[in-house]
J.: 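I'd like to ask you about the structure that follows.
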Amino acid sequence: MSEQQIVEPRLLRGFRDYLPAQMNARLRMIAAIRNVYERYGFQPLDTPAQEYRVTLMGYGEENTKQIFAFQNPEEEDVALRFDLTVPLARVVAQYPDLVLPFRRYQVAPVWRADKPDPGRFREFIQFDLDAVGTSSLAADAEILCAMHDTLKALGIERFKVRFSDRKVLNSLLDFAGISHDSAHSVFRILDKLEKIGIDGVSAELTEGRIDASGDKIPGLGLNNNQVERIKEFIAVPKGKRREVLSSLESLFTKVESAKEAVEELRFVCNSLDALSISEDHVQLDLSIARGLDYYTGPVFEASLDDAPEFGSVFGGGRYDGLVERFLGRKIPAVGASIGVDRLFAAMEMLGLHRLAPSTAKVIVTVMEPSRLSAYQKLTRELREAGINTEMYLGEEKTLGKQLQYANRQQIPLAVIIGSDEFAKGEVTIKNLKLGGELQDKKKTAQGKEREEWLKLSRTVQVTVPLAETTHQIKKTLETI
RNA sequence: GCCGACGUAGCUCAGUUGGUUAGAGCACCAGAUUGUGGAUCUGGGGGUCGCAGGUUCGAAUCCCGCCGUCGGUACCA
């Protein structure tokens, strides 16, 4: 092939490869999440990557530019799904036989034509859980509870699930005397509170500001009185769920529309108490806005304490109006979506992943190629015993090279059979993982530790009769 | 989309006011060690200096355009 024909191997912006070490970690994440969702009795669903474009549209024109849209060979307008919630609404409307409440989970890639950021990709996996067909806020509490359990199950300790209610923000507009037409803009600015602070919010609500890069950000033109009211709202102190709730209640005593919001939040708080969900991990936080277009009640959002720059890794809320688009009548629903790849990236930054490329626990090295069938037979035996086993298939003839290969693949055990072992009908089993760990400690070990080290190093490699290979390997794997 | 910075080996970067054959560390490969991985030592391979033009006797270095990356901002069902 001439040089001009070589195609440069490269990725599209916003897309990424998952090489084996990362893919193993991602698969473990997905399995752990699924495990939690099924413990709550949610049912699996899958839908196609492509939908009719019109199915996905209708939540504001400005969003359409985020959708990957094109024409299929029949020249129909189609698009890649950008979330799993809209397809769910379509399914619920399309299959009237589905038993309600329909509680489903779905794990699948979605696509958005956003500008990529850390933890933000153009193709990413979402893992959703939703309950459709129930207006009971017990469902909302259950979703919050599942969010909490999921993050725990992923081995994350320092996280916050925060919740509020869309109706609180609507009441805030009444409280501050702001037209509901401006709702979208006001909420968007409030959502930036953590990022730009109270002064930044204040500026954007009034005359605008100029950001660090010299960009002009237009203001909303609210008057001082309105901004003061919003500041009062923002000033509601953070604390225990019930404390925040009573502060809110007293602030909004004269706002008629707030009664429903307060009652909803009280219900959710009561449920969380009944479920013994800790105040440390699940908090009532009035400042979260999210889900501006279709959320109608409680909203949820989770972030990692040690990776705040990744923002929301798990979010959702109640959306009672979404199915109506496809059915003509309302079906209440609530759910949440975990951004698997964003969370993966955050955990990667925090070093929370166990990264090993291989799925093999054992490598059978090949020292005497002329007796290949003996190695094949043993490999087969180990596999039939349920042990993930790889036989060395590379070109290297020396044992050292083969062990180096195993080490790089992070395969913990090696089986060695050379002329000595063949002669005696034995096999040597080497614990590469333990050997590596001991090597690291070799320099520092002293006194009693040194004795322990010597004792352990005698167990790194054992030789047993061929017939006991499987038994010995199982025994050793239990210690790993 | 807008503002700014930056593109030199697989990775992280150095490269003096433009001056011969563009460097380092890590990684990789080989040997020391023909049946024992991660350590050490020695040697080695690898670069159209993002792409295309211009200025110049001479460009990685200066100028223009394009592409890409990063940061900020906007947007985010």
J.: Within the pair A/H184 and B/rC75, is there a side-chain N or O less than 4.0 Å away from OP1 or OP2?
T.: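 Result: no.
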
J.: Taking the six-membered ring of A/Y18 (Phe, Tyr or Trp), confirm whether the NZ or CZ of A/R26 is under 6.0 Å from its centre and within 45° of its axis.
T.: yes

J.: Once you apply a heavy-atom cut-off of 4.0 Å, does A/G400 come out as touching a base, just sugar-phosphate, or nothing?
T.: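 Since only primed, P, OP1 and OP2 atoms lie under 4.0 Å of A/G400, the category is sugar-phosphate.
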
J.: Watson-Crick or G-U wobble partner for B/rU69, using a 3.5 Å limit on both distances?
T.: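 Looking at the geometry, B/rU69 pairs with B/rA5.
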
J.: Rounded to whole angstrom, note down the P distance from B/rG4 over to B/rC64.
T.: 13 Å

J.: Considering only heavy atoms and no angle criterion, is a donor-acceptor pair shorter than 3.5 Å present between the side chain of A/R112 and the base of B/rC76?
T.: no

J.: If I pick the C1' atom on B/rA39 and the same atom on B/rU33, what distance separates them, to the nearest angstrom?
T.: 13 Å

J.: Heavy atoms only, 4.0 Å cut-off, all strands: where does A/S419 land among base, sugar-phosphate and nothing?
T.: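 Base: the residue A/S419, judged by heavy atoms under 4.0 Å, touches a nucleobase.
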
J.: Quantified in whole Å, what is the C1' atom distance between nucleotide B/rC13 and nucleotide B/rG47?
T.: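 B/rC13 and B/rG47 have their C1' atoms separated by 15 Å.
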
J.: Sort out the partner of B/rC75 for me: Watson-Crick or G-U wobble, both distances under 3.5 Å, none otherwise.
T.: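 B/rC75 is paired with nothing.
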
J.: Of the candidate nucleotides B/rG35, B/rG37, B/rA74, which contains the atom at the shortest distance from the side chain of A/E204?
T.: B/rA74

J.: Where the side chain of A/Q404 is concerned, which of B/rG35, B/rG37, B/rA74 is the nearest nucleotide?
T.: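 Of all the options, the side chain of A/Q404 is nearest to B/rG37.
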
J.: From B/rG35, B/rA30, B/rC75, pick the nucleotide closest to the side chain of A/E396?
T.: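 In terms of side-chain proximity for A/E396, the closest of B/rG35, B/rA30, B/rC75 is B/rA30.
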
J.: In the strands shown, is B/rU33 matched to any nucleotide by a Watson-Crick or G-U wobble pair with both distances under 3.5 Å, and which?
T.: none

J.: Would you check if A/I363 and A/M391 make a side-chain contact, meaning some heavy-atom pair closer than 4.5 Å?
T.: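 No, their side chains stay 4.5 Å or more apart.
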
J.: In whole Å, what is the span from the CZ atom of A/R458 to the C1' atom of B/rU36?
T.: 19 Å

J.: Which base, if any, makes a Watson-Crick or G-U wobble pair with B/rG44, both distances under 3.5 Å?
T.: B/rC28

J.: Given atom CD of A/E368 and atom C1' of B/rU34, what is their separation to the nearest angstrom?
T.: 13 Å

J.: With rounding to the closest Å, how many angstrom separate the C1' atoms on B/rC3 and B/rG44?
T.: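 Their C1' atoms lie roughly 47 Å apart.
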
J.: Taking NZ from A/K424 and P from B/rG35, how many angstroms apart are they, rounded to a whole number?
T.: 17 Å

J.: If I pick the C1' atom on B/rU21 and the same atom on B/rA32, what distance separates them, to the nearest angstrom?
T.: 32 Å

J.: With rounding to whole Å, what would you report as the distance between B/rG10 and B/rG46 at their C1' atoms?
T.: 9 Å

J.: Given B/rC28, is OP1 or OP2 found less than 4.0 Å from the side-chain N or O atoms of A/R408?
T.: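 Yes, such a contact exists.
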
J.: Counting only Watson-Crick or G-U wobble pairs whose two distances fall under 3.5 Å, which nucleotide matches B/rC13?
T.: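 When the pairing criteria are applied, B/rG23 turns out to be the nucleotide that pairs with B/rC13.
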
J.: Quick one: on RNA chain B, does A/K430 or A/T85 contact a more 5' nucleotide (nearest heavy atom)?
T.: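 Checking each residue's closest nucleotide, the 5'-ward one belongs to A/K430.
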
J.: Measure CZ/A/R120 against C1'/B/rC76 and give the value in whole Å, please.
T.: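 Distance, rounded to whole Å: 6 Å.
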
J.: Indicate, with a heavy-atom threshold strictly under 4.0 Å, whether A/Q461 touches base, sugar-phosphate, or nothing.
T.: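 A/Q461: base contact, heavy atoms under 4.0 Å.
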
J.: Quote, to the nearest angstrom, the C1' distance that separates B/rG58 from B/rG19.
T.: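 Rounded to whole Å, the distance is 7 Å.
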
J.: Is the number of heavy atoms from other residues, nucleotides or ligands within 6.0 Å of CZ (A/R16) greater than 12?
T.: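 Yes, CZ of A/R16 has more than 12 neighbouring heavy atoms, counting only those of other groups under 6.0 Å.
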
J.: Round to the nearest Å and state the distance from A/Q402 atom CD to B/rU34 atom C1'.
T.: 14 Å

J.: Between A/K433 and A/E437, does any NZ, NE, NH1 or NH2 come within less than 4.0 Å of an OD or OE carboxylate oxygen?
T.: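 A salt bridge is present here (some side-chain N lies under 4.0 Å from a carboxylate O).
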
J.: Take the protein atom CZ of A/F187 and the nucleotide atom P of B/rC76, then report the distance between them rounded to whole Å.
T.: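 Rounding to the nearest Å, CZ of A/F187 and P of B/rC76 are 13 Å apart.
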
J.: Round to a whole Å and report the spacing from CG of A/L438 to C1' of B/rG37.
T.: 13 Å

J.: Considering heavy-atom distances to RNA chain B, does A/D420 or A/D191 have its closest nucleotide positioned more toward the 5' end?
T.: A/D420

J.: Side chain of A/L399: nearest nucleotide among B/rC75, B/rG35, B/rG37?
T.: B/rG35

J.: Does A/K475 have more than 12 heavy atoms from other residues, nucleotides or ligands lying within 6.0 Å of its NZ?
T.: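 For A/K475, atom NZ is not crowded (no more than 12 foreign heavy atoms under 6.0 Å).
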
J.: Looking for any heavy atom pair under 4.0 Å, which part of the strands does A/E421 touch: base, sugar-phosphate only, or nothing?
T.: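 The answer is base, as A/E421 lies within the cut-off (heavy atoms under 4.0 Å) of a base atom.
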
J.: Work out how far the C1' atom of B/rU8 is from that of B/rC49, and round it to whole angstrom.
T.: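 Rounded to whole Å, the distance is 4 Å.
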
J.: Is it possible for you to check whether A/R371 lies under 6.0 Å from the centre of the six-membered ring of A/F422, through NZ or CZ, and within 45° of that ring's axis?
T.: yes

J.: Taking only the side-chain nitrogens and oxygens of A/K401, find out if one of them lies under 4.0 Å from OP1 or OP2 of B/rA30.
T.: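 Looking at the OP1 and OP2 atoms of B/rA30, one of them is under 4.0 Å from a side-chain N or O of A/K401.
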
J.: Got a salt bridge between A/E301 and A/R162, using NZ or NE/NH1/NH2 to carboxylate O under 4.0 Å?
T.: yes

J.: Taking pairing as Watson-Crick or G-U wobble with both contacts under 3.5 Å, can you name the mate of B/rA60, or confirm there isn't one?
T.: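 Across all strands, not a single nucleotide pairs with B/rA60.
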
J.: Count the heavy atoms of every other residue, nucleotide or ligand shown that sit under 6.0 Å from CZ of A/R383, and state whether that count exceeds 12.
T.: yes

J.: In whole Å, what is the span from the CG atom of A/L12 to the C1' atom of B/rC67?
T.: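 Taking CG of A/L12 and C1' of B/rC67, I get 14 Å after rounding.
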
